[in-house]
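Some notes on the structure that comes next.
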Number of protein chains: 2
Amino acid sequence: MALKAGGTRNLHARVIEEIGESIVSGVLRPGEPLPGESQLAEQMSVSRTVLREALKVLAAKGLIETRQKTGMRVRDPTFWNHLDADVLSWRCAAMPTEDFVEKLVEMREIIEPAAVMAAARRRSPEQLNAIGVALDAMEDAPDLDAWAAADLQFHDAVLVATNNELLSSLFSVIETALATYFVMSARTAKNFKYSLPHHRAVYEAIRRRRPNEAAVAMRTMIADSRANMRKGKRRG
Amino acid sequence: MALKAGGTRNLHARVIEEIGESIVSGVLRPGEPLPGESQLAEQMSVSRTVLREALKVLAAKGLIETRQKTGMRVRDPTFWNHLDADVLSWRCAAMPTEDFVEKLVEMREIIEPAAVMAAARRRSPEQLNAIGVALDAMEDAPDLDAWAAADLQFHDAVLVATNNELLSSLFSVIETALATYFVMSARTAKNFKYSLPHHRAVYEAIRRRRPNEAAVAMRTMIADSRANMRKGKRRG
DNA sequence: AAGATCATATTTGTCAGACAAATGACAAGT
DNA sequence: ACTTGTCATTTGTCTGACAAATATGATCTT
């Protein structure tokens, strides 16, 4: 486990990533004892100070466990902070199994309807307006890039309108991970606005404060985009 | 911000908690610049080494941001890892507003039905059996403590049966936070088994692989325990 | 021989001091 | 007024040392 050459970020950030990826990808097995701090620091050509800063962060993510005299051990995956953005991103990078993507998709399909329901219940007029603005931008989008930007804006506005930072935090983490796998689902350039009616339906339900209608509209949208995603996969 | 006297844990763990709580509770405002590392270390009577280990962890949780020359700043709450177990626990400790508890409850009401649906779809025979064992233990529980233990066992077994560590991780974090606020909802000692039929209904739905029935049963159970929870609040 | 007790070595935890690198602020020059 | 360059400040990194905890094995006791 030697540190990769390139990279201009902070040293400890690189160490965190290096070790974190090794653990999450399974190179370092759970229960396996890591070499001592001094030895590990030497292997990676960093000082023990920097190494320790990295180890504390990894311990905070639940990936490792340290005790005096015993040394460090990789913790069992049940203790990992699976919802941590880094852990998730390392899993995505590690050529994951198909079923991991399905788990992410399952999460999305739980969260998104719940999010629009919450937004329909609690959105303020200003928040509704922000969603409306995003929707207009989607409608007027001249090309795919503009549409993608407006789509992102729409989702963000809905997230804010939920007025529940736990929900939006979760949403954001899951979406980021999913974005690793799927290209924008409107790749077929000509009909990139195909999901506009669905977005409008969601907006209308939120405007009329109809949680159930919003959830139904969102589920319809998901079912629709599901098929499109199958075509547009990026890399195994 | 001086470090509290007592406590036998690691020094950096205490520093993490001290600063983390100050930030989450709002004593340190977002955007506010923290004193320099040297000065802060002196204030807390720890070495800069230890302080930095703590700062890196807090940065990983999204609470602070450090840049050379500029120093450290508290980040805007939108960047916090709201689903981090520590952040959540600090919020719970900080005499939170009522609406925070409602956000937690909302999360639970989203997750739990989804979890039992997933379990109904994908549980293995062994996982079903584990749920059944827990259910039997609940039924045979002679007193409140035994019942609480069996209840925990039941929930854990369902969690495992979802076969989605993202879901179970989320579940676990939210439940832990909620447990801070509510005493066991069966406080009225005599009828502490009142929710047994609900649990049995959930089990039956999972056994028969009926996701929708499982979700309905769970929602019924939640609605039922909602009322009980109102009575048993702990501390504002 | 078996078990309890203690010494020791190893590993993480903590500290102190130094220098490097980055960068905002300010002065000087055009 | 604008650019350029120096400087001071703050985080980033390294080094070496000692403290505290504890697994291991040796020693002592029964």
Show the distances under 3.5 angstrom between N or O atoms of the protein and N or O atoms of nucleotides 5-10 of chain D.
from, atom 1, to, atom 2, distance (Å)
dT9(D), O4', Lys69(B), NZ, 3.3

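Between the side chain of His12(B) and the main chain of Arg52(B), no donor-acceptor pair closer than 3.5 Å is present. In this structure, Trp147(B) contributes its side chain and Ala137(B) its backbone to no donor-acceptor pair below 3.5 Å.
Residues Val173(B) and Leu83(B) approach most closely at CG1-O, 3.6 Å, considering heavy atoms. Listed here is the closest heavy atom pair of Ala177(B) and Cys92(B): O-SG, 3.8 Å.
Ring geometry for His155(B) versus His199(B): interplanar angle over 60°, hence perpendicular rather than tilted (30 to 60°).
Between the base of dT13(D) and the side chain of Arg48(B) there is a donor-acceptor pair shorter than 3.5 Å. Side-chain atoms of Thr49(A) come within donor-acceptor range of the base of dT15(D), with a qualifying N/O pair under 3.5 Å.
If you check dT13(D), dG13(C), dA16(C) against the side chain of Asn10(B), the one that comes closest is dG13(C).
Between the CZ atom of Arg9(A) and the C1' atom of dA21(C) there is a distance of 18 Å, given to the nearest Å. Across the protein-nucleic acid pair, Glu42(A) atom CD and dG16(D) atom P stand 12 Å apart, rounded to whole Å.
Residues Met107(B) and Leu170(A) are in side-chain contact: their nearest non-hydrogen atoms beyond the backbone lie under 4.5 Å apart. Counting heavy atoms from C-beta outward, Asn163(B) and Asp99(A) have side chains that stay 4.5 Å or more apart.
Environment of CD in Glu32(A): crowded, with over 12 heavy atoms of neighbouring residues, nucleotides or ligands closer than 6.0 Å.
The residues Glu17(A) and Arg9(A) are annotated as salt-bridged, a charged nitrogen and a carboxylate oxygen being separated by less than 4.0 angstrom. Contact check on Glu37(B) versus Arg48(B) returns a salt bridge, with a Lys/Arg side-chain nitrogen under 4.0 Å from an Asp/Glu carboxylate oxygen. Ion pairing between Glu98(B) and Lys103(B) fails under the 4.0 Å rule for side-chain N and carboxylate O.
In the helix from dA1(C)-dT30(D) to dT30(C)-dA1(D), the terminal helix axes, each the rotation mapping four pairs' C1' atoms onto the next four within five end pairs, subtend 0°, rounded to 10°.
Interface residues of residues 51-65 of chain A facing DNA chain D, ordered by number: none; criterion, heavy-atom separation under 4.0 Å.
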